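Remember, it's a predicted structure, so these values are computed and weren't measured experimentally.
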Amino acid sequence: MTYASAWAENAVVTLVVPDSGAVYREVADVLKAEVGRLQPDRVQWHVVTPAQLESLAISPRMVVTIGSAALDAAAKHRAKVGAGETAPALLATLLPRLAFDRAIAQAPNRKNITAILLDQPVGRQAALIRAALPNVKRVGVLLGPESKSGAAALRNALADQGLIPQIEDISGRGLFAAVQDVLDQSDVLLAVADPAVFSGETISSILMAGYRRQVPLIGFSPSYVKSGALIGLYATPAQIARATANVVRDVLSGGPLPSPAVPLEFTVDINSAVARSLGLSLDEQDILKRMLSPGVRP
Amino acid sequence: MVLSSLLPVLLVVIGLTSLFVYRHLADLEEALEQRGSALARQAAVTAEFSLFTGNSEFLQAMALGVLRTDADVVGVAVTDVSGQIVAQAGVVERAHWPSLELRQEAGDSVRIAHGAAGDVIASPVLQRTLAVDDAYSGTELAVSSRESKVLGHVILELSRQRVLQDRQRLILIALITGLIGGLLGGALALRIARGISRPVLEATDVVERIGLGDLTARMNEQHAGHLTPLARGINAMANQVALTQDDLGLQIQAATAELMVQRDTAEQATAAKSRFLAAASHDLRQPLHALGLFVSRLAKMPWNGEQQLLIHHVETSVGTLQEMLDTLLDISRLESGTYRTEMQTFDVTSILQRLVTELAPAAYEKRVVLRVRFRPLWTQSDPRLVERIVLNLLSNAIRHSEQGRVLLACRALGDKLRIQVWDTGTGIPPAMHAAVFDEYVQIGNEERDRTKGLGLGLSICQRMADVLGTRINLRSIPGRGSVFWIDLPLHSPQHVDKPPAEPESGSLAGTILVVDDDALCRDSTASILTGWGAEVITAMGAEQALAVAARLHKAGAAPQVAICDLRLPGRMDGMDLALELRKTYPSMKIVLVTADVSPAVQAVARRSGFPILKKPVAPARLRATLLSLLQA
């Protein structure tokens with residue numbers, strides 16, 4: 001019970017939630033519920049939208065942002081106030097690493113900032129491919145100017161699972177040419193969260209091109225699965241919220257601010273229509289089991 | 001009627017056809033546009049990926065496919081984002097294209113350029129976005145502001161030729177349909193109109209015929225259609241009218257029959273009256289005849305003054321009696337219609353002269369100056385009726401002119417002959433001019449002195465004039481006098497033997513046989529003949545007469561003249577006796593006497609050639625006849 005003494009009465013936590021978007025609300029709701037379950041009646045939530053953050057008068061123990069926009073607003077606010085060492089801890093959640101890095105690049109006192117990220121670890125992605133598609137050898141990856149820094153880690157992770165990475169950088173060439181090349185040499189295409197490569201504008205063409213060559217796409221969000229990716233590997237909003245709640249509890253209990261991390265919980269989502277079209281028979285539970293089996297390193 | 005029944009149908013047909021054509025023409029245009037737009041949109045969607053990949057072969061194939069899909073598409077082109085044509089099929093004319101302005105469009109709205117030959121539809125090929133930009137991709141902020149990116153355009157050139165053909169075909173079909181509809185509708189309307197108008201016309205005709213009296217006219221109820229109740233009504237009415245008419249007809253028939261019976265009865269009564277009059281006058285004539293003869297004989301005897309006056313009065317009374325009897329007889333004959341005119345051509349002056357002679361004594365008695373003014377003029381008429389009419393007029397004139405003047409005149413007036421009787425008498429008021437011709441009307445005889453006649457004179461005269469085809473005219477000024485006249489047809493003079501003049505006196509020397517069953521008549525005749533100096537032998541019947549004649553003939557004193565009554569008892573009547581006597585004694589002269597005034601008897605006598613005298617015979621006439629026979 002060492003934690004209990006560390007709790008201040010009525011710990012105020014500011015929760016920055018964009019006013020539109022079911023995902024944000026779900027994360028907020030689950031977060032509040034989970035924190036309430038872990039530490040009943042100890043947290044006073046102060047929920048604001050990114051715009052309302054401008055006129056924030058109180059001084060909370062902690063600021064939690066949901067999504068990259070909320071983080072952007074909080075980072076700007078923090079820079080404006082110039083809080084320095086006294087600034088409350090900032091926990092960003094539900095955003096990819098690239099967005100997190102971009103948002104806090106100019107923020108002061110970066111040690112006081114952490115995040116629960118969406119990016120699945122490359123090893124987990126490689127393990128998924130191994131477990132779900134045992135016959136796949138060549139894995140295509142398209143990287144943009146921002147995401148190409150992760151190319152080495154990717155290559156290693158894929159190779160560890162006995163897969164042949166086919167990594168193409170779209171920088172300096174047309175997207176279509178890069179897509180053509182990588183699809184010609186791949187059995188599966190692994191999407192990474194880089195808006196320069198994968199966006200609403202490009203995804204249909206990339207999916208179409210992949211469909212023409214019978215190359216399935218491994219997506220990183222529920223919407224990719226919905227749009228036509230064969231498999232999605234991601235943490236659901238509830239899983240993210242639970243991971244966030246754990247951090248909030250630890251911080252409010254006086255624990256140290258952890259480094260940005262990915263939730264341990266994750267989900268494997270399969271678009272059964274695409275699977276059927278490709279002549280595949282996939283089952284999420286089977287895949288999860290195989291991913292956790294000794295032969296596969298998650 | 002026909003036009004008004006056709007009009008609504010024609011209006012409906014024209015209206016519906018026009019609406020149909022208008023709507024379909026608009027639909028055709030719209031359908032072409034919609035189809036083109038849909039094709040262009042579909043092609044744009046299909047072309048998206050190929051434009052993205054720059055796959056011009058696929059685009060070319062797609063363009064050809066689209067061209068073949070729709071016959072109205074004459075050209076298909078696909079342009080890239082810079083407007084360059086990357087694929088083309090059919091004929092495309094860039095000049096017709098709508099603006100392909102490269103702006104970021106909101107939505108995938110197509111643009112249409114309407115040309116004379118057809119439409120050109122341009123549909124932008126848009127890069128579709130999928131909702132993958134969210135928190136996971138860290139790009140959620142840009143989602144709302146992002147717009148679809150234009151990759152190029154699909155351009156469709158559409159020909160309106162088929163639409164025009166369809167339009168012509170549509171108009172043609174509409175016209176034919178309208179025509180057929182109009183004809184059918186018109187025929188139906190006409191049929192319905194006829195169904196009304198024909199029964200109405202028939203009803204009009206039937207009513208008109210009924211009005212003209214054709215009560216058998218009926219409407220045909222089977223063909224009256226909607227107007228069957230009217231037809232039934234008219235027929236019922238016609239039946240009722242016919243029944244009423246029949247009823248009336250029966251009533252009229254009954255009334256007519258009754259009238260016929262009454263008329264027959266009246267005619268029978270008239271005939272009976274006439275027969276009675278004829279019989280009565282016959283029976284009256286016999287004694288009257290005898291009375292006249294006796295009185296005449298009596299007057300010849302030497303009497304003192306008082307006796308002479310008495311006998312003269314008796315003579316006058318007998319004359320009046322004879323006149324009245326003749327008048328009654330005439331009336332009865334005229335009334336019964338048995339009077340037969342005997343038309344002759346004769347000189348009226350002979351009659352007028354005789355009348356003047358006859359009436360001169362009466363005129364003298366009344367101190368009336370009787371003057372005449374006439375010359376021989378011939379006419380064709382019944383002399384007896386003419387004589388009686390003029391006698392009446394003249395005696396009336398003398399009767400009503402106390403100490404005045406009477407003029408009898410006769411003159412030719414064109415093709416007519418006018419006999420006038422002027423008097424200076426009391427005159428007749430204009431109000432009485434018509435009445436004087438009525439029966440029993442007498443002017444100035446309120447005391448009804450029968451010596452002044454019965455008041456039948458002018459009435460009878462007018463009837464006689466009617467029989468002669470003329471009429472009696474009257475002009476009169478009260479206090480100044482009157483003039484009566486009749487007009488007769490003027491005839492050219494003819495030569496005839498002058499009738500023997502009646503000798504005024506002279507004795508009859510000879511033997512005369514008088515045959516009459518009536519003792520009174522026989523004796524009166526014998527008496528007057530004896531008075532005139534003749535030797536008279538009498539016989540009661542034919543047999544006795546023949547025996548007497550034979551006895552006298554043997555004695556050498558055969559009678560020169562025989563006076564035979566026509567009606568005799570026994571086997572032989574007067575006519576048989578006369579014929580027998582003429583046969584036996586050719587030199588014997590025979591005179592027939594009869595009271596029978598029936599035309600049949602007179603005709604028989606006339607045919608025999610014997611002179612015939614009617615009872616009562618005026619003594620003067622009897623003597624004149626006998627004198628002429630004895631002198632011949």
Worksheet, complete the sentence: Counting heavy-atom pairs under 4.5 Å with chain B, the top scorer among A:S227, A:A229, A:A99 is A:S227
Worksheet item: Most heavy-atom pairs under 4.5 angstrom with chain B, which of A:S20, A:S205, A:S221, A:A193?
Response: A:S205
Worksheet item: Side chain, backbone, both or neither: which part of A:R102 has a non-hydrogen atom closer than 4.5 Å to chain B?
Response: side chain
Item to complete: Please look at A:L207 and chain B and tell me whether the side chain, the backbone, both or neither of the residue comes under 4.5 angstrom of a heavy atom of that chain.
Response: side chain
Discussion item. Take a 6.0 Å sphere around CZ of A:F176 and say whether it holds more than 12 heavy atoms from other residues, nucleotides or ligands.
Written reply: yes
Fill in: Close contacts, residues 231-239 of chain A versus chain B, judged by heavy atoms under 4.5 Å
A:Y234, A:A235, A:T236, A:P237
Fill in: CD-CG distance between A:E201 and B:L151, expressed to the nearest 0.5 angstrom
9.5 Å
Worksheet item: What heavy-atom pair brings B:A135 and A:L118 nearest, and what distance separates the two atoms?
Response: O-CD1, 3.2 Å
Worksheet item: Taking atom OG of A:S204 and atom CD of B:E48, what is their separation to the nearest 0.5 Å?
Response: 5.0 Å
Per-pair distances, 0.1 Å, donor-acceptor, side chain in residues 163-173 of chain B, under 3.5 Å, sequence neighbours excluded:
residue	atom	partner	partner atom	Å
B:D166	OD1	B:R169	NH1	3.4
B:R167	NH2	B:E29	OE2	2.9

Fill in: CG/B:L183: more than 12 non-hydrogen atoms of other groups inside 6.0 Å
yes
Item to complete: Check whether any side-chain heavy atom of B:Y136 sits under 4.5 Å from a side-chain heavy atom of A:P222, and report yes or no.
Response: yes
Worksheet item: Is the number of heavy atoms from other residues, nucleotides or ligands under 6.0 Å of B:R94 CZ greater than 12?
Response: yes
Worksheet entry | More than 12 heavy atoms of other groups within 6.0 Å of B:Q161 CD | no
